[in-house]
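We count ligands from 1, going down the list as the structure has it; atoms in each ligand are counted the same way. Note that these values count all heavy atoms, side chains included, but never hydrogens, waters or copies made by symmetry.
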Amino acid sequence: MTNLSPLQVERLKYQPKLPSSLAEGISKLTCTEGNATESVANQAEIKDLFKNTYGKPTVTFNSSSSARDLEQRNVGVILSGGQAPGGHNVIAGLYDALKQANPNNKLYGFLGGPSGIIEGKYVEFDDKFIDAYRNTGGFDIIGSGRTKLETEEQFQSSWEVCKKLNISAVVIIGGDDSNTNAAMLAEWFVAHNANIQVIGCPKTIDGDLKNEQIEISFGFDTATKTYAELIGNIERDANSAKKYWHFIKIMGRSASHVALEAALETQPNITLISEEVETKKMSLKSIIDYMTDIIVRRSQNGKNFGVAVIPEGLIEFIPEMGQMIANLNDIVTTLEKDSKYMNADDAEKFSIIENTLSSENAKVFASLPVLIKSQLLMDRDPHGNVQVSKIETEKLLISMIQERLNTLKAEGKFKGKFSAQSHFFGYEGRCAFPSNFDADYCYSLGYNAFALISFGLTGYLSSVRNLTAPAAQWIAGGVPLTMMMNMERRNNKMKPVIKKALVELDGPVFKQLADNREDWAMNERYLFPGAIQYFGPSSVCDITTRTLALEQSSKLLNV
Ligand code: FBP
């Protein structure tokens, strides 16, 4: 093979593991229904919006000795939203299950995310195509996109494209927003007697698409291991040179799961958790006080260095910032239709914004450095989210801490040095070769998605549970998408969306940080996880995240 790295050559040969219930083959399955379900909140509104798909039972698969006859069918697949390691294996698992069910089945991949199904841009997979992508990172097999599937025209054109290709099921691999799209499309197809099923797969490095049935979204394992490797390397550098404070912002959007997991893997001196900041109503000033205090105390011990981990979405969780950003989101949607605003330069835009925000929020906006103001005005994503990856919170914290230390120095209360480096680890982790865990989990999710299709289900999320046990003992099944939904304000309107799971402050994962952070602040308890290992002892290659291990063991204790 040409143009392949030695690792890729070896990874192509890796055979992902399946739960034993699925390993017998797609035709040898039984489907057991659980109880009818309710949405997590706003039941009446969600039921009204999803008249045909609301309230379905959860399902579990078991292997059976008798084989089912499975009709020939064509399926379409979409990769949606941000990249997450293992997406290619979801498609490989889906493809293998579909071909095993009937060699005449066809799998079409829609190009560039949800827009591919609307515009009819697709490829048909064959063995050679799929084989080149097995166990690789990235979404480049068909590309991804963030188009929000929500209008009548989009649904109508998706239907036309499916009819043309004789597609009777669509699999959407995505995060909370993309699976909200999946739920909407599933409902629309049923309401229009289209006879097309829609199945979702839980993807996102953010780790916030989880609940009782979904233990973790795929990609979280590999991405956090990649960030932990990088943080560990920086800790070693900091501890060698002893001259810099490293401020590291970690991707993960609103929830702090990624930052928390990476922190447990590396034990840095400071870790901020957005959910704690919000719950304790910590102002920006009190965050600066907290961080400055640790920097000053370490300096008194002769340590003018350290490592601080900052979750990507922090800014939205600082109460005064969160309120200002919510107000900003509402007014920006309107202002973007105003040509005077759109043609204004940055300074004029800031002044229009300050005159339109409520007086309290205008004060907060005005107090920010120009860099952060401009970043806050950047385009929202198609789902109405501020693009937190573009807001340099790490630089905001550094500049405010520097100011505070200058004052303390002038007052004779700080005699040390403060020299800071800023980093943002995000895109580095999203396309890594999937860890063994993600390679197995993703393949199983894809395979299982076809199992859901084969039982005629629609509006379900592929679910594989019991993930801290060996893969053979994993439990395969499905969860109705509406079960995870609630109503939230997006783009100035209340919309049905899948509820994000945030870090629980009374949960075992946060507790692990809270119990240790004072020790980690003052001492170098750094851990160096090193690079992900794909070959070698299972104790190194097959370990899952601390988040999953702690959450699952605490569930067992509470049973
Ligand atoms: P998803 O929710 O689509 O999985 O996105 C994950 C993510 O990586 C976030 O952590 C990050 O804030 C965002 O995507 C960045 O988006 P983009 O790739 O559009 O820059």
Residues which pass salt bridge (charged side-chain N to carboxylate O under 4.0 Å, His left out) with E278, listed by chain and number, not counting sequence neighbours: none
Positive for side-chain hydrogen bond (donor to acceptor under 3.5 Å, both in side chains) with Q375, one of E392, Q387, K395: E392
Proximity of Y122 and Y108 rings by center, below 6.0 Å: yes
From the candidates M251, K500, Q387, E312, the one that places a heavy atom nearest atom 12 (O) of ligand 1: E312
Structural part of Q83 in contact with ligand 1, heavy atom criterion under 4.0 angstrom: neither
Geometric N/O contact G81 with ligand 1, under 3.5 angstrom: no
G82 to ligand 1, any heavy atom closer than 4.0 Å: yes
salt_bridge(K495, E150) N-O dist < 4.0 Å: yes
D177/R146 ion pair, N-O < 4.0 Å: no
Min N/O separation S80 to ligand 1 under 3.5 Å: no
Identity and separation of the nearest protein heavy atom to atom 4 (O) of ligand 1: T204 OG1, 2.8 Å
Salt bridge present between E504 and K210 (N-O < 4.0 angstrom): no
Heavy atom of the protein closest to atom 2 (O) of ligand 1 (residue, atom name, distance): R253 NH2, 3.4 Å
Under 3.5 Å: N/O of D176 near N/O of ligand 1: no
Close approach of G252 to ligand 1, heavy atoms, under 4.0 angstrom: yes
Atom 20 (O) of ligand 1: nearest protein contact (heavy atom, Å): Y427 OH, 2.6 Å
Shortest protein contact, atom 8 (O) of ligand 1 (heavy atom only): R430 NH1, 2.8 Å
K203, any N or O under 3.5 Å of ligand 1 N or O: yes
NZ or CZ of K373 within 45° of F350 ring axis and under 6.0 Å: yes
Minimum-distance protein heavy atom relative to atom 13 (C) of ligand 1: R146 NH2, 3.5 Å
M485 side chain near P496 side chain, heavy-atom distance below 4.5 Å: yes
By side chain to side chain donor-acceptor pair (under 3.5 Å) - contacts of N436 (at least two apart): R11, D542
Proximity of D206 to ligand 1 by residue part, where a heavy atom lies under 4.0 Å: side chain
